[in-house]
2 protein chains.
Amino acid sequence: MNTQDHRIRSSSGQAVERLRELIFSGQLGAGSDHLESELAESLGMSRTPVREALLVLEGQGLVDVRPRKGVRIKPLSPVDMAEIYDVLTELESLAAANAAREGYSADDLQQLEHTINLMDSALEENDRGAWARADDAFHAELVQLGRNSRVEAIAQMMSDQVRRARLVTLHMRPVPNRSNEDHRAVLDAIAAGDADTAARVHREHRTAAKKVIVDLLETHHLSSV
Amino acid sequence: MNTQDHRIRSSSGQAVERLRELIFSGQLGAGSDHLESELAESLGMSRTPVREALLVLEGQGLVDVRPRKGVRIKPLSPVDMAEIYDVLTELESLAAANAAREGYSADDLQQLEHTINLMDSALEENDRGAWARADDAFHAELVQLGRNSRVEAIAQMMSDQVRRARLVTLHMRPVPNRSNEDHRAVLDAIAAGDADTAARVHREHRTAAKKVIVDLLETHHLSSV
DNA sequence: GCATAATTTAATGTATACATTAATGGATGA
DNA sequence: TCATCCATTAATGTATACATTAAATTATGC
């Protein structure tokens, strides 16, 4: 998001990247506590770059630094999830509306259409992992089309926070058949330059998704993931 | 936003607070570059806590850390300002809608009404500084009523980024007479539990404000503030 | 035996020395 | 004269030693 191009040179940057991987893969589980010195040792570097990385990750909402109690991988409650989905709903709908106003050509929107096709294939093959990755890509691409770098950054942060929770929920929820109709409707509205429809359809899409996830967490008594 | 209650104990926390003051007061001007060692000396501490503070401030969008070129106090272009206002418009309107749904009593809303009254007085006395502070307070209180901690945090960050620019624009723009009608209309809609109206009125309010500010910057050829 | 206070301990917070790196300026060559 | 390469330098990046602090544990008084 901020620093290097391809090869992360600084230890600090490496620490951010590797800690993110450990968090998203679940190796650093939600709610677990970790000492700076342990993390430093496991990453093969001194505490200094690890501390700097932890400050960055705290700013991204992924960890809580709690003096003398270790850094906690931030757990997400159903309330947190609802908050995050509400933010995503608003900002992505704004992005959809702005995208529609940009007057993109069919060619400009090819990538987004391709991503929707990927989701279709994933659904047919019942490959939920592939579907999730394509869904992430769809939302990221949509937001990019809105051309607001702050919206992009915030949406990315919120998506990151949700990603870990999906490790748990992905195989519990119903197959998201409905989703792709919504995605295509948003794409069509953008292509037609209809900002209101793009925003409205996307808003409904996200609102429905929020309900599915939050209900799922509450039904299964997952007070934090 | 994150750590201490009243007395900042750690140097790192002090550095964040004091650097923020220096930025918002204009003593560290937009676009200016500064060495870590200079900042450390002027704050009377070593580089370590200053570096940590700069990482936090970078996360808040207030500075850019550019290796070997010093940290730059992030300047805002008219495009940046438009982006920020768009984010604020969406999230505050969401907050207004959610506030309306909370079913607050007149008593709960007393603080917000008081703040609007403060703005009225400030306008009568033509005290733009007081008006600006009350306007900040209004928006902060509104967002709090929406009960979404992430919306609060993001709105705060965006407001912070705008605050420095207002040093320049505050005395250039027309007296914001219209503003308070809007504020009262939002308050009334919240009190009436009318979420759609609250969101719509607030959206129109912010959209108008965005236009005033962006036009002002462009008219005066302020490519960055 | 229980509560409170003092001591110990284990973690974070800070300073500093050192390593690394990219920009600068100068020398060397064509 | 100009371009390229090398050396210098000045900044950031990292490791480490040390200071500080809050929690845990033990000791002490009642």
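Not measured: the values here are computed from a predicted model. Chain letters run A, B, ... following the sequence lines, proteins first and then strands; every chain starts at 1.
- Proximity of residues 31-49 of chain A to DNA chain C (heavy atom under 4.0 angstrom from any strand atom) is restricted to Leu35(A), Glu36(A), Arg47(A).
- Residue pairs meeting the side-chain hydrogen bond (donor to acceptor under 3.5 Å, both in side chains) criterion with at least one member in residues 214-225 of chain B, sequence neighbours excluded: Lys211(B)-Asp215(B).
- Note on Ser11(B): a side-chain N or O is less than 4.0 Å away from OP1 or OP2 of dT14(C).
- Partners of Thr207(A) according to the side chain to side chain contact (heavy atoms under 4.5 Å, CB included) rule, which considers only residues two or more places apart in sequence or in another chain, are Thr89(A), Arg203(A).
- In this structure, the CZ atom of Arg51(A) is 8 Å from the P atom of dT12(C), given to the nearest Å.
- Counting only residues at least two apart or on different chains, the side-chain hydrogen bond (donor to acceptor under 3.5 Å, both in side chains) pairs with a member in residues 67-76 of chain B are Asp33(B)-Arg72(B).
- Scored by the side chain to side chain contact (heavy atoms under 4.5 Å, CB included) test, Leu35(A) finds Ser37(A), Glu38(A) as partners (sequence neighbours excluded).
- For Glu52(B), the side chain to side chain contact (heavy atoms under 4.5 Å, CB included) test picks out Arg51(A), Leu55(A), Ser12(B), Thr48(B), with sequence neighbours left out.
- Per the geometry, CD belonging to Gln14(B) stands 14 Å off P belonging to dG13(C), to the nearest Å.
- Listed by chain and residue number, nothing satisfies the side chain to side chain donor-acceptor pair (under 3.5 Å) test with Arg133(B) (two or more places apart in sequence, or in another chain).
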Restricting to nitrogen or oxygen on both sides, can you table the protein-nucleotides 21-26 of chain C pairs closer than 3.5 Å?
residue	atom	partner	partner atom	Å
dT21(C)	O2	Arg68(B)	NH1	3.1

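- Cation-pi geometry between Arg164(B) and Phe24(B) is not satisfied (NZ or CZ under 6.0 Å from the ring centre, within 45° of the ring normal).
- Rounded to whole angstrom, the span from the CD atom of Glu52(B) across to the C1' atom of dT14(D) amounts to 13 Å.
- Legend: ring-ring contact (aromatic ring centres under 6.0 Å, His included) pairs involving residues 128-155 of chain B, not counting sequence neighbours, sorted by first then second residue: Phe138(B)-His183(B), His139(B)-His183(B), His139(B)-His202(B), His139(B)-His205(B).
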